[in-house]
K.L.:
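Structure in structure tokens, see below.
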Amino acid sequence: MNNYVITILTVAVSGGIINSVVSKESHLKKYINYIVSLVCVVCLISPIGSIISDIASIKENVNNYVEKIFVTESIEISNSLIINTSKEKICEGIKETIIQKFKFDSNEVYVQLILDDSNMESLKINKINVTLTGKASWSDVKLVEDFLKNNIDPNIEVKRK
């Protein structure tokens with residue numbers, strides 16, 4: 001701000017000095033006054049250009065920030081959707097395998113999958129819980145568990161309810 005005031009004062013004082021030196025010839029005086037006035041006006045409005053460029057820069061930064069938020073949020077929603085769909089499909093596959101192999105009713109078998117989703121590049125199944133209810137709970141749980149451990153994943157636990 002100091003430079004701005006100093007520039008305007010310098011132009012005004014310089015214009016006054018030049019005007020007093022050239023005052024002898026009156027026909028040049030009005031041209032000099034005109035030029036000095038133009039220079040003062042240019043000095044006065046010069047900050048407007050920087051304000052406009054700052055506004056454009058701020059607008060661009062806000063747009064980039066908002067876009068980054070929406071892209072990040074969209075990726076997180078997509079990843080969550082992929083994980084949940086994958087979990088459902090794996091659980092359905094395990095449930096169908098149990099139903100077909102042991103001839104249980106579909107409402108007697110519940111499968112829960114616990115994933116380690118800390119690394120989206122490589123999802124890992126931590127544990128698979130199978131719960132047998134109704135008539136299925138009367139069957140040999142150890143037989144079902146051994147079948148699943150041998151054919152699907154050794155980290156399976158089968159329980160009765």
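The structure presented is a predicted model; accordingly, all values stated were derived computationally and were not measured. For the numbers below, each heavy atom of this structure counts, side chains included, while hydrogens, waters and symmetry mates do not.
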K.L.:
Looking at residues at least two apart in the chain, or sitting in another chain, which of them share a salt bridge (Lys or Arg N to Asp or Glu O under 4.0 Å) with Lys149?
P.N.:
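Residues passing salt bridge (Lys or Arg N to Asp or Glu O under 4.0 Å) with Lys149: Glu145.
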
K.L.:
Can any side-chain N or O of Glu108 pair as donor or acceptor with the backbone N or O of Lys135 at less than 3.5 Å?
P.N.:
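Answer holds: yes.
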
K.L.:
Starting at OG of Ser106, measure out to CD of Glu92 and round the result to the nearest 0.5 Å.
P.N.:
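Spacing of OG (Ser106) from CD (Glu92) equals 11.0 Å.
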
K.L.:
For Tyr110 and Val130: C-alpha separation, side-chain torsions, deciding distance, then whether side-chain contact (heavy atoms from CB on, under 4.5 Å) applies.
P.N.:
CA-CA 6 Å; Tyr110 298 96; Val130 177; over 6 Å; no

K.L.:
List for me each residue that meets salt bridge (Lys or Arg N to Asp or Glu O under 4.0 Å) alongside Glu157, sequence neighbours excluded, and say none if there are none.
P.N.:
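Lys127.
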
K.L.:
Donor-acceptor pairs are to be reported for all side-chain atoms of residues 58-69 against protein atoms at under 3.5 Å, with residues two or more places apart or in another chain.
P.N.:
from, atom 1, to, atom 2, distance (Å)
Asn61, ND2, Ser57, O, 3.4
Asn63, ND2, Lys59, O, 3.4
Asn64, ND2, Glu60, O, 3.4

K.L.:
What distance do Ile152 atom CD1 and Ile128 atom CD1 have between them, rounded to the nearest 0.5 Å?
P.N.:
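Answer for the CD1-CD1 pair, Ile152 versus Ile128, is 6.5 Å.
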
K.L.:
Checking Asp105 now: which residues fulfil salt bridge (Lys or Arg N to Asp or Glu O under 4.0 Å) with it, not counting sequence neighbours?
P.N.:
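None.
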
K.L.:
To the nearest 0.5 Å, what is the distance between CG on Leu9 and OG on Ser14?
P.N.:
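Spacing of CG (Leu9) from OG (Ser14) equals 10.0 Å.
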
K.L.:
Verify the cluster assignment for Ile98 and Leu143: are they in a single hydrophobic cluster under the rule of side-chain heavy atoms below 4.5 Å apart?
P.N.:
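In one cluster: yes.
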
K.L.:
Nearest 0.5 angstrom please: Asn107 CG to Thr133 OG1, how far?
P.N.:
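Spacing of CG (Asn107) from OG1 (Thr133) equals 6.5 Å.
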
K.L.:
Show every ring pair (Phe, Tyr, Trp, His ring centres under 6.0 Å) that has at least one partner inside residues 133-161, sequence neighbours left out.
P.N.:
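Sorted result for residues 133-161: Phe102-Phe147.
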
K.L.:
Check each of Val158, Leu148, Ile94 against Val111 using the side chain to side chain contact (heavy atoms under 4.5 Å, CB included) test, and report the only one that passes.
P.N.:
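Single pass found, and it is Ile94.
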
K.L.:
Only pairs under 3.5 Å count here: list side-chain donor-acceptor contacts from residues 83-91, not counting sequence neighbours, and write none if there are none.
P.N.:
from, atom 1, to, atom 2, distance (Å)
Asn84, ND2, Ser80, O, 3.3
Thr85, OG1, Leu81, O, 2.8
Ser86, OG, Ile82, O, 2.8

K.L.:
Working to the nearest 0.5 angstrom, can you tell me the gap between Thr131 OG1 and Asn129 CG?
P.N.:
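Rounded to the nearest 0.5 Å, the OG1-CG separation comes to 6.5 Å.
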
K.L.:
Provide the closest heavy-atom pair for Asp140 versus Arg160 in the form atom of the first, atom of the second, distance.
P.N.:
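Minimum heavy-atom separation between Asp140 and Arg160: CA-NH2, 4.3 Å.
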
K.L.:
Working to the nearest 0.5 angstrom, can you tell me the gap between Leu113 CG and Asn126 CG?
P.N.:
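Output value for this atom pair is 9.0 Å.
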
